[in-house]
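Have a look at the structure below before the remarks.
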Protein chains: 2
Amino acid sequence: MTTTPAPAERDREPRSDTADSTHSPDSADSAGSTDDFLRLDQQICFSLNAASRAFGGVYRVILKELGLTYPQYLVMLALWEHGELPVKKVGEHLRLDSGTLSPLLKRLEAAGLVRRERSAADERSVVVRPTEEGTALRGRAVRVPRRIVAATGFDLTEILELRARLDRLTSALDTALLEDAPDPA
Amino acid sequence: MTTTPAPAERDREPRSDTADSTHSPDSADSAGSTDDFLRLDQQICFSLNAASRAFGGVYRVILKELGLTYPQYLVMLALWEHGELPVKKVGEHLRLDSGTLSPLLKRLEAAGLVRRERSAADERSVVVRPTEEGTALRGRAVRVPRRIVAATGFDLTEILELRARLDRLTSALDTALLEDAPDPA
DNA sequence: CACAATTTAGTTGTGCACAACTAAATGGCG
DNA sequence: CGCCATTTAGTTGTGCACAACTAAATTGTG
């Protein structure tokens with residue numbers, strides 16, 4: 001118990017200037033009005049991040065018995081759905097690039113769940129397909145989503161609504177990123 | 001675009017591969033329901049994850065001019081709010097353990113933004129406090145949240161609602177984890 | 001007081017995310 | 001045909017997340 005002296009910061013009161021989005025962010029300290037926005041528990045991304053990691057913990061426990069990590073599980077989901085995919089397509093489905101996928105797929109291959117082979121038609125492409133063992137794993141994975149949903153305590157309607165909202169958020173953020181950091185040259 | 005021969009396996013209803021002993025009893029209301037749950041685009045965690053990483057991209061661009069990563073920014077937020085904190089408390093605020101924080105704080109210290117010193121009262125504890133430079137950075141960080149909010153395209157009401165929902169989700173997941181995980185018999 | 005249990009940071013090892021880069025194959029174009 | 005821009009995976013390096021562990025200080029209890 002650290003017996004912190006509690007150095008008497010200013011009282012942080014949830015000021016009701018919240019909708020004051022047009023207020024100029026100019027002057028230096030501005031310790032009053034914009035203060036609230038800097039509070040940790042006001043940050044949407046923090047809540048998002050925390051939820052994502054909380055999910056990670058639950059998935060870690062549940063997927064342990066399948067011998068998968070969560071990203072590996074996502075790859076297997078994509079393969080179960082599509083049968084086989086070039087690395088490129090896997091990356092599109094999962095929003096991951098080869099820097100993440102190459103070692104991940106190598107681990108899945110080492111675990112005997114997928115095989116990777118260069119496409120004959122296009123030697124640049126590497127096609128990933130589940131092995132028999134990988135396909136068999138699907139039977140054991142079927143119960144995972146239900147257990148996850150149960151852990152959230154949300155009903156299906158609420159989940160669908162949240163999902164829609166998050167997808168819209170992701171789109172907006174992607175768009176903002178493209179508008180802000182272009183280098184079209 | 002790889003001119004995939006389109007293996008025509010789009011429609012899969014492989015009920016036969018689930019010959020395991022433990023038959024899922026509950027619900028099982030309609031045909032194909034289990035199948036749908038395994039679809040990638042049905043997974044709430046995937047949407048959450050994607051949103052979290054999309055945020056990461058936006059923060060990366062915005063925080064670059066402050067020389068901070070997102071987790072480093074969160075630490076600075078906590079320090080700006082509380083003045084100084086032992087590592088333990090930082091971890092509680094951010095839901096991070098020492099395995100993550102120790103190297104992160106070391107990098108912040110190397111950047112000259114914080115100092116770390118052993119508490120005299122309790123030699124186990126290490127107190128983190130912002131340097132003058134670290135405190136000064138706050139002035140430049142003040143406008144970050146507004147830019148983030150702008151990038152989402154959400155209004156404040158919607159953000160608050162989403163945040164509340166996510167926090168509730170995180171609580172539920174944490175609870176489920178505590179109930180499920182420990183069985184040290 | 002002695003000493004075991006707990007608390008607190010730190011270290012090590014594994015895996016993911018992503019930027020920046022390399023290498024090889026492909027396709028377009030003169 | 002020869003050449004070059006593009007596409008596709010892979011590699012390297014940095015940083016975060018977390019489990020499992022260590023070391024040291026502190027606390028509780030007899």
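The analysis underlying the following values was restricted to heavy atoms, covering all of them including side chains, and did not include hydrogens, waters or symmetry mates. Just so we're clear, the structure is a prediction, and the values are computed from it rather than from any experiment.
If you measure from atom CZ of A/F46 to atom C1' of D/dA17, you get 14 Å, rounded to the nearest angstrom. In this structure, B/Y73 places its OH atom 19 Å from C1' of D/dG15, rounding to the nearest Å. At whole-Å resolution of the value, CG in A/L85 and P in D/dT8 are 14 Å apart. Distance B/L104 CG to D/dT14 C1': 12 Å, rounded to the nearest Å. In this structure, CG of B/L94 is placed 14 Å from P of C/dA9, rounded to the nearest angstrom. Summarising the geometry, the separation between CG on B/L63 and P on C/dA19 is reported as 14 Å, rounded to the nearest angstrom. Atom-to-atom, CG of A/D97 to C1' of D/dG13 comes out at 14 Å; the value is rounded to the nearest Å. Following rounding to the nearest Å, B/K89 (NZ) and C/dT8 (C1') show an atom-to-atom distance of 13 Å.
For D/dA9, neither phosphate oxygen OP1 nor OP2 lies less than 4.0 angstrom from any side-chain nitrogen or oxygen of A/S98. The side chain of A/K106 contributes an N or O atom lying less than 4.0 Å from OP1 or OP2 of D/dT11. Taking side-chain N and O atoms only, A/S125 has no distance below 4.0 Å to OP1 or OP2 of C/dA25. For D/dA23, neither phosphate oxygen OP1 nor OP2 lies less than 4.0 angstrom from any side-chain nitrogen or oxygen of B/R124.
Of the candidates D/dA25, C/dA9, D/dG10, the closest approach to any side-chain atom of B/V87 belongs to C/dA9. Closest to the side chain of B/S102, out of C/dT11, C/dG15, C/dA25, is C/dT11. For B/Q72, whose side chain is taken as the heavy atoms from C-beta onward, the closest listed nucleotide among C/dG10, D/dA19, D/dG15 is D/dG15. For A/R60, whose side chain is taken as the heavy atoms from C-beta onward, the closest listed nucleotide among D/dC18, D/dA25, D/dT11 is D/dC18. Nearest nucleotide to the B/V126 side chain, out of D/dG15, C/dC18, C/dA9: C/dA9.
Of the two residues near DNA chain C, A/P71 and A/A120, the one whose nearest nucleotide lies more 5' is A/P71. Nearest-nucleotide mapping onto DNA chain D: of A/R116 and A/R53, the residue sitting toward the 5' end is A/R116. Between A/L96 and B/R118, the residue whose closest nucleotide on DNA chain C is further toward the 5' end is B/R118. Taking for each of A/N49 and A/L105 the nucleotide of DNA chain D with the nearest heavy atom, the 5'-most of the two is the partner of A/L105.
Among the protein residues, A/L101 comes within range of no part of the nucleic acid, since none of its heavy atoms lies under 4.0 Å from any strand.
A/E158 has a carboxylate O that lies under 4.0 Å from a charged side-chain N of B/R165, or vice versa, which qualifies the two as a salt bridge. Under a 4.0 Å N-O distance rule, the pair B/E65/B/R143 does not qualify as a salt bridge. Ion pairing between a basic and an acidic side chain is recognised when a charged N comes within 4.0 Å of a carboxylate O; B/E92 and B/K89 show such pairing.
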Task: Evaluation steps, side-chain contact (heavy atoms from CB on, under 4.5 Å), between A/L96 and A/V90 - done: CA-CA 8 Å; A/L96 292 172; A/V90 177; over 6 Å; no

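Applying the ring-ring contact (aromatic ring centres under 6.0 Å, His included) rule to B/Y70 yields the partners B/Y59; only residues at least two apart in sequence or on another chain are considered.
Of the inter-residue distances, the one linking A/R163 atom CZ with A/L156 atom CG reads 9.0 Å to the nearest 0.5 angstrom.
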